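Let me begin by presenting the structure, written as structure tokens, before commenting on it.
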Amino acid sequence: MRTLLSTLSVLFAVYSYLVYTGAPERGTVASAEVRTGMRVWQENNCAGCHQLYGLGGYMGPDLTNTYSLKGEAGIRTFVRYGTGRMPAHALTDPDLDALVAFLTWVDRSGQSAVPAEAVHWTGTYLIEPR
Ligand code: HEC
């Protein structure tokens with residue numbers, strides 16, 4: 001009986017230690033650079049045209065997984081030079097680095113299931129496929 005109790009006490013202590021000191025899931029803690037990138041995202045009103053996790057403006061595509069789709073170089077090129085439809089953004093190098101870090105973090109933290117073909121140019125969702 002005593003052995004059982006002490007075994008259980010030790011197990012309880014080990015379990016408590018693991019629960020209270022366990023590292024949070026990888027990729028969920030935002031570094032200072034990621035937080036700076038979020039500020040850059042907000043100050044430049046990227047969300048006016050883009051969604052993250054499906055929320056935001058609908059002139060441009062959802063960028064939740066843009067890091068996986070376009071890569072770091074793709075993000076830098078779109079932001080720096082723009083396209084015929086997206087304006088170029090003259091960001092400082094550290095701000096652009098932070099923005100890439102933010103979008104990389106967002107990419108790890110969620111998945112967007114909104115395919116570009118499902119969004120009409122007026123911003124409405126198409127329930128029936130075109
Ligand atoms: C005025 C609207 C507008 C704003 C503001 C804007 N974008 Fe865009 N963005 C677009 C449009 C439209 C596209 C699609 C461009 C194309 O294919 O020609 C796009 C494309 C992109 C792409 C490529 C995504 C893909 O899969 O094709 C990235 C990355 C991107 N934008 C990042 C940003 C970031 C970061 C900001 C803020 C600094 C931003 N955009 C601000 C309209 C905008």
Side-chain angles (χ1 to χ4, degrees):
M1 186 66 185
R2 217 181 250 169
T3 328
L4 178 66
L5 275 181
S6 38
T7 310
L8 284 176
S9 309
V10 169
L11 281 178
F12 176 74
V14 170
Y15 180 72
S16 301
Y17 174 80
L18 290 177
V19 165
Y20 288 107
T21 61
E25 207 177 296
R26 193 173 160 267
T28 54
V29 174
S31 67
E33 191 181 33
V34 166
R35 289 198 297 275
T36 304
M38 186 174 174
R39 178 180 54 72
V40 175
W41 169 268
Q42 290 171 337
E43 284 176 358
N44 287 277
N45 197 24
C46 308
C49 297
H50 292 285
Q51 314 101 66
L52 290 181
Y53 314 115
L55 296 173
Y58 285 95
M59 189 179 166
D62 186 299
L63 297 184
T64 310
N65 299 118
T66 197
Y67 177 77
S68 296
L69 297 170
K70 300 282 170 193
E72 179 173 343
I75 295 173
R76 288 179 186 277
T77 309
F78 270 96
V79 172
R80 208 179 273 281
Y81 301 105
T83 70
R85 298 194 299 137
M86 169 168 157
H89 289 75
L91 301 183
T92 62
D93 285 342
D95 275 2
L96 188 51
D97 291 346
L99 187 58
V100 168
F102 171 63
L103 289 173
T104 307
W105 179 82
V106 170
D107 183 60
R108 278 205 309 262
S109 67
Q111 288 229 331
S112 162
V114 185
E117 320 77 80
V119 183
H120 191 253
W121 63 269
T122 56
T124 51
Y125 278 111
L126 303 172
I127 295 180
E128 299 293 328
R130 264 186 277 193

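Atoms considered below: every heavy atom in the structure, side chains included; atoms not considered: hydrogens, waters and symmetry mates. As the structure lists them, so they are numbered: ligands from 1, and atoms in each ligand from 1. Everything quoted here is computed from the prediction, not taken from an experiment. Throughout, residue positions are numbered sequentially from 1 according to the sequence presented.
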At under 4.0 Å between heavy atoms, what of P61 touches ligand 1? The answer is side chain
Short version for L91: what comes under 4.0 Å of ligand 1, heavy atoms counted, is neither
Practice task
Could you tell me whether ligand 1 has any atom less than 4.0 Å away from a heavy atom of P87?
Solution key: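 Flag set, P87 near ligand 1.
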Looking only at heavy atoms, which two atoms of [X] and [Y] are closest? And how far apart?
| X | Y | result |
| --- | --- | --- |
| D107 | S68 | OD2-OG, 2.7 Å |
| L91 | D95 | CB-CB, 4.3 Å |
| R80 | L96 | NH2-CD2, 3.2 Å |
| L103 | Y67 | O-CB, 4.0 Å |
| Y53 | S109 | OH-OG, 2.6 Å |

Heavy atoms only: which of [options] lies closest to [atom]?
| atom | options | value |
| --- | --- | --- |
| atom 21 (C) of ligand 1 | R76, K70, H89, H50 | H50 |
| atom 35 (C) of ligand 1 | D95, V79, L96 | V79 |
| atom 32 (C) of ligand 1 | T77, L63, N65 | L63 |
| atom 16 (C) of ligand 1 | L69, T83, V40 | T83 |
| atom 37 (C) of ligand 1 | A47, C46, A88 | C46 |

Considering the heavy atoms of [X], write down every atom of ligand 1 situated less than 4.0 Å from one of them.
| X | value |
| --- | --- |
| L99 | 35 (C) |
| M59 | 2 (C), 12 (C) |
| T66 | 24 (C), 29 (C) |
| C49 | 1 (C), 2 (C), 3 (C), 4 (C), 5 (C), 42 (C), 43 (C) |

The protein heavy atom nearest to atom 14 (C) of ligand 1 is R85 NH2, 3.6 Å
Exercise. Hey, are the side chains of I75 and T66 touching, using non-hydrogen atoms and a 4.5 Å cut-off?
Worked result: yes
Where the side chain of [X] meets the backbone of [Y], is there a donor-acceptor pair that is under 3.5 Å apart?
| X | Y | result |
| --- | --- | --- |
| E33 | F102 | no |
| D62 | T64 | yes |
| D97 | G37 | no |

Start with the C-alpha gap between D93 and R76, add the side-chain angles, then the distance that decides, and say whether salt bridge (Lys or Arg N to Asp or Glu O under 4.0 Å) holds.
-> CA-CA 10 Å; D93 285 342; R76 288 179 186 277; over 6 Å; no
Taking distance alone, with N or O pairs closer than 3.5 Å, would you say N44 contacts ligand 1?
no
Within less than 2.8 Å of atom 8 (Fe) of ligand 1, any N, O or S from M86?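 Yes.
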